[in-house]
Amino acid sequence: MKTSVKQGDGFLGAMIPFNRSSLQGRELEYIFQTISIGQIAGDQTFSKRCHTLLEQTLGVQRALVTTSCTHALEMAALLLDLQPGDEVVVPSFTFVSIANAFVLRGARPVFCDVRPDTLNLDETKLEALITPRTKVIVPVHYAGVGCEMDAILEVAGRHGVPVVEDNAHGLFGKYKGRWLGTFGCLATQSFHETKNITCGEGGALLINNVRFAERAEVIREKGTNRSRFFRGQVDKYSWVDLGSSYVMSDVLAAFLFAQLEVWPVIQKDRQRIWQAYHEQLAGWCDTHQVRQPIVPPHCEQAWHMYYLLLPSLRARTALIAHLKARGILAVFHYLPLHLSDMGRRFGGREGDCPVTEDVSDRLLRLPFYNSLSRADQDQVIRAVLEFPG
Ligand SMILES: *Cc1c(COP(=O)(O)O)cnc(C)c1O
């Protein structure tokens with residue numbers, strides 16, 4: 001499966017990609033089953049198994065698999081009745097979906113800066129951004145390290161604003177001993193191919209406040225009460241609310257369940273990879289003014305990514321080129337949302353979120369995937385250590 005690099009790149013070996021998907025267990029067997037028993041639409045055997053596994057493992061009231069994390073966020077915006085002119089506080093250092101899902105309902109994103117250590121929403125800057133129009137706060141557990149949820153929930157609670165956790169990076173991580181995804185009234189998961197556990201494209205909505213459960217089913221089923229119909233609670237189903245088509249196919253749920261059922265193995269593999277980077281690059285980082293990830297002692301991280309904070313944009317660009325010449329793909333993200341074309345339309349300006357603007361230029365993500373072999377990882381580490389900087 002390895003791809004060769006063009007000669008012109010000055011490298012003749014196999015490429016180490018940034019991400020690569022892999023089978024973790026019984027994916028093909030389960031997909032074959034869904035097809036043989038004729039269950040390829042949604043909410044059948046394997047979707048239900050995913051729901052039960054997430055509900056029982058995390059202790060959430062309800063879990064519903066969806067077509068993506070983006071769609072789970074759109075469901076959250078519908079469930080919280082976001083209206084034109086409402087405001088939603090999101091970190092600027094994050095993925096576009098978090099803002100977009102709420103902007104689709106006419107809401108206006110208000111961008112919060114992140115903490116310089118964990119790169120999570122800076123809880124000390126949150127209160128100043130809350131206005132009478134604030135309808136929701138969306139913390140993102142960046143790299144699977146928990147946000148300061150006690151402080152965030154305290155501010156949110158005082159202002160009566162609901163919290164929705166974007167837990168795309170944080171599944172099976174904990175904050176002060178409690179699972180990420182169980183703090184907000186709602187939380188969203190991603191099973192996109194770049195995440196720890198995947199089915200290619202997929203997500204889930206976690207519901208921690210049971211009053212959202214029935215309406216979530218309706219929104220997910222095109223605004224119909226189809227779920228109640230199948231439970232025999234109504235004798236016909238019809239259009240009862242807003243909604244869209246957010247149900248995952250059971251073919252994908254079969255793939256997803258095969259990964260979810262071995263989640264401790266996946267997390268353990270990723271922990272080993274993360275720790276190897278962390279330990280073997282520590283000395284080099286020290287002498288090259290490179291900052292490694294910081295995980296506060298009260299956070300059990302979800303081992304989602306390994307990043308380095310280079311001293312400058314120039315150093316980052318040079319390291320990316322150095323790795324690429326050795327057949328290794330390292331990538332960066334995120335461009336500050338408040339400085340994007342859309343962010344500027346909502347009033348974003350340079351200097352609004354100084355930490356975001358700074359780290360966005362300097363952060364580099366190293367190859368990190370479940371099947372990354374020790375030999376390939378050693379090659380990445382050796383290549384970094386050879387970087388003169
Ligand atoms: C990947 C990601 C998403 C989007 O997930 P999709 O399932 O592709 O919609 C949202 N938020 C964060 C923080 C992500 O990393």
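Just so you know, ligand 1 is whichever comes first in the structure, and atom 1 is the first atom listed for that ligand.
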Check [Y] with [X], please: is the shortest side-chain N to carboxylate O separation under 4.0 Å?
| X | Y | value |
| --- | --- | --- |
| Glu386 | Arg382 | no |
| Glu261 | Arg49 | no |
| Arg178 | Asp150 | no |
| Asp43 | Arg220 | yes |

Pair up each side-chain donor or acceptor in residues 292-299 with any protein partner under 3.5 Å, not counting sequence neighbours, and list the distances.
| residue | atom | partner | partner atom | Å |
| --- | --- | --- | --- | --- |
| Gln292 | NE2 | His278 | O | 2.9 |
| Gln292 | NE2 | Tyr306 | OH | 2.9 |
| His298 | NE2 | Glu148 | OE1 | 3.4 |
| His298 | NE2 | Glu148 | OE2 | 2.8 |

Inset, instruction - For Arg316, enumerate each residue passing the salt bridge (charged side-chain N to carboxylate O under 4.0 Å, His left out) test, keeping only those at least two apart in sequence or located in another chain. - result: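 Once residues adjacent in sequence are excluded, Arg316 has no partner under the salt bridge (charged side-chain N to carboxylate O under 4.0 Å, His left out) criterion.
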Inset, instruction - Could you pull out the closest heavy-atom pair between Tyr142 and Tyr307, with the gap in Å? - result: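 Nearest heavy atoms, Tyr142 then Tyr307: CE2-CE2, 3.8 Å.
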Legend entry - For Ala330 against Leu364, the heavy-atom pair lying closest together: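 So the two residues come closest at CB-CD1, 3.7 Å.
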Atom indices of ligand 1 within 4.0 angstrom of [X] heavy atoms, with elements:
| X | result |
| --- | --- |
| Gly202 | 7 (O) |
| Ile98 | 11 (N) |
| Ala168 | 2 (C), 11 (N), 12 (C), 13 (C), 14 (C), 15 (O) |
| Cys69 | 4 (C), 5 (O), 6 (P), 7 (O), 9 (O), 10 (C) |
| Val140 | 13 (C) |

Nearest-contact summary for [atom] - protein heavy atom, Å:
| atom | answer |
| --- | --- |
| atom 15 (O) of ligand 1 | His169 NE2, 2.7 Å |
| atom 3 (C) of ligand 1 | Phe95 CD2, 3.6 Å |
| atom 11 (N) of ligand 1 | Asp166 OD2, 2.7 Å |
| atom 9 (O) of ligand 1 | Thr70 OG1, 2.5 Å |
| atom 1 (C) of ligand 1 | Lys195 NZ, 1.7 Å |

Legend entry - ligand 1 N/O within reach of Glu201 N/O, cut-off under 3.5 Å: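 Glu201 vs ligand 1: no N/O contact under 3.5 Å.
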